[in-house]
Amino acid sequence: MSSDLQQIRIGLTDNHPCSYLPNRQERVAVALEPALHSSSNYEVLLANGFRRSGDTIYKPHCELCSACQPIRISVPNFEPSRSQKRLLAKAKTITYQLKEELDNEWFELYNRYIEVRHRNGSMYPANRDSFAQFSHCTWLNTQYLHIYDNGRLIGIAVTDILSNSASAFYTFFDPHCEISLGTLGVLLQIDYCRNQGKQWLYLGYQIDECPAMNYKVRFQPHQRLVNQTWQG
């Protein structure tokens, strides 16, 4: 961790079953300093492997596992792969718009996504208040990247906007869409970052043993934070 963060106070949660890997225990370190809860300080914390959930800033701090690796994309250097180029070609009728508020149809879309993709997960059944508590942050500029196909809402990528970067927080979409909206959501966030002159798009944690996360490593070039050093 960078020297200006060496002395921050953290609290540790109890161990509990890992949300991503079976038969593993997880716990997180929570940043307790109120002064860290600002956009500028959070950008520093992101670069040191932290993330947020609601207003809470946390970082994996598991005793016997180090599978979670923060991952970020170098926006100016990003080059889409062949499959990503094909996806963009298929998405000619798709547009996006960042908004400060969610469209009225958001919950119907979110409910369908959770019902199909995460019926066995902790966010089932879909709940408006739970989503707001999870996604909203009182001290960040959080925007909702709305994805439309010929004017029809098909996806929303919750995106934290920072001075020199953005953080892909959470994405949900039409689970029956024929194209890969999860990947497209990241490509659109990269496009936004490039247009705004931002250096990094943070994608959260990469867990190589978790197949659902493998799409993240297909964005090149990317970096991973290993032993507090960004590599890649």
Side-chain angles (χ1 to χ4, degrees), residues 2 4-5 8 30-31 33-59 70-78 80 84 88 91 94-107 109-110 113 128 130-148 153-173 181-206 213 215-216 219 221-225 230:
S2 61
D4 55 339
L5 296 176
I8 69 170
V30 178
E33 301 288 348
L36 293 175
H37 292 71
S38 70
S39 179
S40 59
N41 286 326
Y42 182 59
E43 190 159 28
V44 176
L45 288 165
L46 269 175
N48 283 275
F50 284 80
R51 294 285 286 173
R52 75 165 182 91
S53 177
D55 284 348
T56 301
I57 302 172
Y58 71 94
K59 183 179 184 179
I71 185 170
R72 67 185 184 182
I73 300 167
S74 175
V75 173
N77 299 318
F78 171 72
Q84 289 163 354
L88 290 169
I94 290 178
T95 59
Y96 74 90
Q97 183 179 356
L98 261 75
K99 300 184 179 182
E100 294 184 358
E101 302 292 339
L102 290 159
D103 279 7
N104 290 334
E105 313 96 281
W106 81 270
F107 187 72
L109 181 66
Y110 176 64
Y113 174 76
R128 291 175 184 268
S130 296
F131 180 82
Q133 185 177 18
F134 159 69
S135 63
H136 182 66
C137 184
T138 58
W139 42 268
L140 271 183
N141 175 18
T142 298
Q143 301 276 321
Y144 303 96
L145 190 150
H146 290 64
I147 306 171
Y148 301 98
L153 182 67
I154 58 172
I156 294 177
V158 184
T159 311
D160 293 332
I161 308 298
L162 302 152
S163 176
N164 193 42
S165 61
S167 176
F169 180 78
Y170 186 79
T171 300
F172 59 93
F173 47 82
L181 289 176
T183 295
L184 182 62
V186 176
L187 291 171
L188 297 179
Q189 287 170 308
I190 292 171
D191 185 67
Y192 166 79
C193 287
R194 180 165 283 163
N195 291 338
Q196 297 297 315
K198 298 188 184 298
Q199 176 66 42
W200 306 107
L201 176 64
Y202 289 87
L203 298 183
Y205 299 112
Q206 167 63 20
M213 290 189 176
Y215 74 96
K216 296 180 182 181
F219 296 91
H222 65 258
Q223 297 181 346
R224 301 195 201 195
L225 188 63
W230 287 102

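In this text the structure is predicted, and so the values were computed from the model without any measurement.
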Do [X] and [Y] come close enough that some side-chain heavy atom pair is under 4.5 Å?
X    : Y    : answer
F131 : H136 : no
I147 : L188 : yes
L181 : L184 : yes
Y192 : I161 : yes
Q143 : E100 : yes
V30  : T56  : yes
V75  : Q199 : no
L187 : Q84  : yes

TODO: Please test Y96 against Y148 for side-chain contact (heavy atoms from CB on, under 4.5 Å), starting from the C-alpha separation and ending with a verdict.
DONE: CA-CA 6 Å; Y96 74 90; Y148 301 98; over 6 Å; no
Task: Intermediate values then yes/no, side-chain contact (heavy atoms from CB on, under 4.5 Å), W139 and S39 - done: CA-CA 7 Å; W139 42 268; S39 179; 5.8 Å; no
Flag, side chain of [X] to backbone of [Y], donor-acceptor distance under 3.5 Å:
X    : Y    : result
K198 : I190 : no
W106 : G155 : no
R51  : P70  : no
Y205 : G49  : yes

Open item on the list: Testing the 3.5 Å rule here: is there a donor-acceptor pair between the side chains of N41 and E43?
Closed with: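 On atom types as modelled, these side chains do not qualify, holding no pair under 3.5 Å.
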Open item on the list: We want to know whether Q189 and T159 form a side-chain donor-acceptor pair, criterion being a heavy-atom distance below 3.5 angstrom.
Closed with: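 Yes.
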Considering all heavy atoms of both residues, which atom of [X] and which atom of [Y] are nearest to each other, and what is their separation?
X    : Y    : result
T142 : C137 : OG1-CB, 4.2 Å
L46  : S167 : CD1-CB, 4.0 Å
G197 : N164 : O-OD1, 4.4 Å
A168 : L203 : CB-CD2, 4.0 Å
F50  : A31  : CE2-CB, 4.5 Å
C193 : L201 : SG-CD1, 4.2 Å

Open item on the list: side-chain contact (heavy atoms from CB on, under 4.5 Å) for F172 and L109? Distances and angles first, verdict last.
Closed with: CA-CA 8 Å; F172 59 93; L109 181 66; 4.0 Å; yes
Task: Q133 atom CD: more than 12 heavy-atom contacts under 6.0 Å - done: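 Not more than 12 within 6.0 Å, no.
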Open item on the list: With a 6.0 Å cut-off (strictly less than), is the heavy-atom count around CG of N104, excluding the residue itself, greater than 12?
Closed with: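 It does not: N104 CG has 12 such atoms or fewer within range.
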Under 6.0 Å between the ring centres of [X] and [Y]?
X    : Y    : answer
Y144 : Y170 : no
F134 : F169 : yes
Y113 : F173 : yes

- [ ] List in chain and number order the residues that pass salt bridge (charged side-chain N to carboxylate O under 4.0 Å, His left out) with R224, two or more places apart in sequence or in another chain; answer none if no residue qualifies.
- [x]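 Per chain and number, R224 pairs via salt bridge (charged side-chain N to carboxylate O under 4.0 Å, His left out) with D208.
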Open item on the list: Run the salt bridge (charged side-chain N to carboxylate O under 4.0 Å, His left out) test against D103 and tell me which residues pass, sequence neighbours left out.
Closed with: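 Per chain and number, D103 pairs via salt bridge (charged side-chain N to carboxylate O under 4.0 Å, His left out) with K99.
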- [ ] Would you give the length of the straight line joining atom CG of L45 to atom CG of L36, rounded to the nearest 0.5 angstrom?
- [x]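 One gets 5.5 Å once the value is rounded to the nearest 0.5 Å.
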Open item on the list: Let's go through D160 and Y42 carefully: what are the C-alpha distance in whole Å and the side-chain angles of both, what is the deciding distance for side chain to side chain donor-acceptor pair (under 3.5 Å) to 0.1 Å, and is it a yes or a no?
Closed with: CA-CA 10 Å; D160 293 332; Y42 182 59; 4.5 Å; no
Open item on the list: Please verify the inter-ring angle class for W200 with Y202; under 30° counts as parallel, over 60° as perpendicular, anything in between as tilted.
Closed with: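 Geometry flag for Y202 against W200: tilted rings.
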Open item on the list: If you apply the rule side-chain contact (heavy atoms from CB on, under 4.5 Å), what do you find for L140 with R52, and how did you get there?
Closed with: CA-CA 10 Å; L140 271 183; R52 75 165 182 91; 3.6 Å; yes
